[in-house]
Amino acid sequence: IICSVLFLNLLLIFAAPTLLQLPLMITGTSVGILCCLIALPFNRDKQIQVVGILLILAVNVIIASVVLSEQKGLDPLFLSMFDLLVVSELVAALLLAPVSAFWIALFNIVEVILDINIQPRSMMWMQMIPSQQLTYSLLARPAILYLVVALVAYLWATSTMNALKR
């Protein structure tokens, strides 16, 4: 998992050189790579909880830096980026206690709500989403996705642990 996150970060940097012009993207990707590199010795020492927390932090920081780096403000096209936060739920269910997937889902929901309410909106956002009610309906999709993925990850992790105990 650590090597794949590290590889995807490096691929992102070298495959999209225009992203290097965005300082927040560079910072977020650097923090993600740093978290992965710090997690390596903890993984060798079998400190799985520390590794899990570092990988969850890496995933969330990288995705947040992509969304926050949009210079024109929050764009409706970037709403699908929030779907990638489910990766942190899967990491939580895999490396931490299975119930932690629900806590990470709750954290992801709060992260999306804060971003939509705090980040400035782009002109495209203002044209496509004119009312506050439509904004709340847009929040429902990622929230339901996070909760469903957390439930499936929880059931998967607990059934795997029960099967290993037998």
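A quick note: this is a predicted structure, and the numbers were derived from the prediction, not measured. Position 1 is the first residue of the sequence; numbering continues from there.
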[Y] reachable from [X] in the ILVMFWY side-chain graph, under 4.5 Å edges:
{"X": "Ile104", "Y": "Trp156", "answer": "yes"}
{"X": "Ile38", "Y": "Ile48", "answer": "yes"}
{"X": "Leu57", "Y": "Val67", "answer": "no"}
{"X": "Leu68", "Y": "Phe107", "answer": "no"}
{"X": "Val31", "Y": "Ile63", "answer": "no"}

Linking Ile, Leu, Val, Met, Phe, Trp and Tyr through side-chain heavy atoms less than 4.5 Å apart, which residues share a cluster with Phe102?
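So far as hydrophobic clustering goes, Phe102 is joined with Val99, Leu151, Tyr154, Leu155.
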
As an exercise, state the distance from OG of Ser100 to CG of Leu106, rounded to the nearest 0.5 Å.
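Going from OG on Ser100 over to CG on Leu106, the span is 12.5 Å.
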
To the nearest 0.5 Å, what is the distance between CG on Leu54 and CG on Leu40?
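If I round to the nearest 0.5 Å, the distance is 10.0 Å.
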
Please tell me if the side chains of [X] and [Y] come closer than 4.5 Å, counting only heavy atoms from C-beta onward.
{"X": "Val112", "Y": "Tyr146", "answer": "yes"}
{"X": "Gln49", "Y": "Leu95", "answer": "no"}
{"X": "Ile62", "Y": "Ile33", "answer": "no"}

If you take all heavy atoms of [X] and [Y], which pair is closest and at what distance?
{"X": "Leu96", "Y": "Gly52", "answer": "CD2-CA, 4.2 Å"}
{"X": "Gly28", "Y": "Val61", "answer": "O-CG1, 3.7 Å"}
{"X": "Leu55", "Y": "Cys36", "answer": "CD2-SG, 4.1 Å"}

Suppose the criterion is salt bridge (Lys or Arg N to Asp or Glu O under 4.0 Å): which pairs have a residue in residues 147-160, not counting sequence neighbours?
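Applying salt bridge (Lys or Arg N to Asp or Glu O under 4.0 Å) to every pair that reaches into residues 147-160, excluding sequence neighbours, yields nothing.
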
Extract all donor-acceptor atom pairs below 3.5 Å that involve side chains of residues 82-94 and protein atoms in other chains or at least two apart in sequence.
from: Asp83; atom 1: OD1; to: Arg141; atom 2: NH1; distance (Å): 3.1
from: Asp83; atom 1: OD2; to: Arg141; atom 2: NH1; distance (Å): 2.9
from: Ser88; atom 1: OG; to: Asn60; atom 2: OD1; distance (Å): 3.2
from: Ser88; atom 1: OG; to: Leu85; atom 2: O; distance (Å): 2.6
from: Ser88; atom 1: OG; to: Asn108; atom 2: ND2; distance (Å): 3.3
from: Glu89; atom 1: OE1; to: Ala150; atom 2: N; distance (Å): 3.2

Please check this pair: side chain of Asp115 against backbone of Glu111, looking for a donor-acceptor N/O pair closer than 3.5 Å.
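Pair absent, no side-chain N/O of Asp115 close to backbone of Glu111.
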
